[in-house]
Amino acid sequence: MEEKRFTLRMDQELFDDIAALASLHRRSASKEVECAIAEYVLRNKQDELLDGVDLDALSDEETRARLNELNKLRKKYARFS
């Protein structure tokens, strides 16, 4: 896996809250930020897959396809949990 490095500026109080969470989760503040971003991206991708879809109108095949996509996303981002 290739990693991308960049500098991130943020409000000091927000950083302090992130650092406190990181300590609670026994990881670095940097890793806590990465996990938070991954959670945000996952949530948005899940929303894209489900927004505007009439779940009652989906065929069994369409339902399975959407569930498979949701499961792939969950697995892809599981390492950030």
Side-chain angles (χ1 to χ4, degrees):
M1 173 187 71
E2 185 178 330
E3 289 187 350
K4 182 73 176 170
R5 296 177 186 268
F6 68 99
T7 301
L8 176 66
R9 291 176 179 81
M10 72 174 65
D11 177 82
Q12 182 65 49
E13 287 184 39
L14 177 59
F15 179 82
D16 293 342
D17 288 343
I18 291 170
L21 285 171
S23 179
L24 182 69
H25 297 141
R26 297 180 181 201
R27 55 185 165 220
S28 68
S30 177
K31 185 55 81 173
E32 190 70 22
V33 168
E34 183 180 17
C35 291
I37 292 170
E39 184 178 317
Y40 172 80
V41 170
L42 173 60
R43 188 172 50 248
N44 278 274
K45 287 182 177 286
Q46 289 171 331
D47 289 348
E48 283 177 17
L49 215 65
L50 297 174
D51 279 353
V53 174
D54 182 359
L55 296 176
D56 293 327
L58 290 178
S59 69
D60 288 347
E61 185 177 316
E62 291 169 323
T63 301
R64 274 192 291 282
R66 292 212 185 245
L67 285 173
N68 280 330
E69 288 300 314
L70 287 170
N71 196 38
K72 285 180 193 174
L73 285 171
R74 185 186 58 81
K75 286 179 180 178
K76 179 179 180 179
Y77 289 94
R79 66 188 176 98
F80 297 105
S81 306

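These numbers come from the heavy atoms of this one structure, side chains and all, not from hydrogens, waters or symmetry mates.
Looking at heavy atoms from C-beta onward, Val53 lies out of side-chain contact with Leu50 at the 4.5 angstrom threshold.
Pairs passing the side-chain hydrogen bond (donor to acceptor under 3.5 Å, both in side chains) check and including a residue from residues 55-67, sequence neighbours excluded, read Ser59-Glu62.
Partners of Gln12 by side chain to side chain contact (heavy atoms under 4.5 Å, CB included), not counting sequence neighbours, listed by chain and number: Phe15, Asp16.
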Hey, can you pull the donor-acceptor pairs under 3.5 Å for the side chains in residues 19-41, sequence neighbours left out?
unit_1, atom_1, unit_2, atom_2, d
His25, ND1, Leu21, O, 3.2
His25, ND1, Glu32, OE1, 3.2
His25, ND1, Glu32, OE2, 3.0
Arg27, NE, Glu32, OE1, 2.7
Arg27, NH2, Glu32, OE1, 3.4
Ser28, OG, Lys31, N, 3.0
Lys31, NZ, Glu34, OE1, 2.7

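Each of Asn44, Leu67, Leu70 was evaluated against Leu49; a single residue qualifies, Leu70, per the side-chain contact (heavy atoms from CB on, under 4.5 Å) test.
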Between Glu69 and Lys72, does the salt bridge (Lys or Arg N to Asp or Glu O under 4.0 Å) criterion hold? Intermediate values first, please. CA-CA 5 Å; Glu69 288 300 314; Lys72 285 180 193 174; 3.5 Å; yes

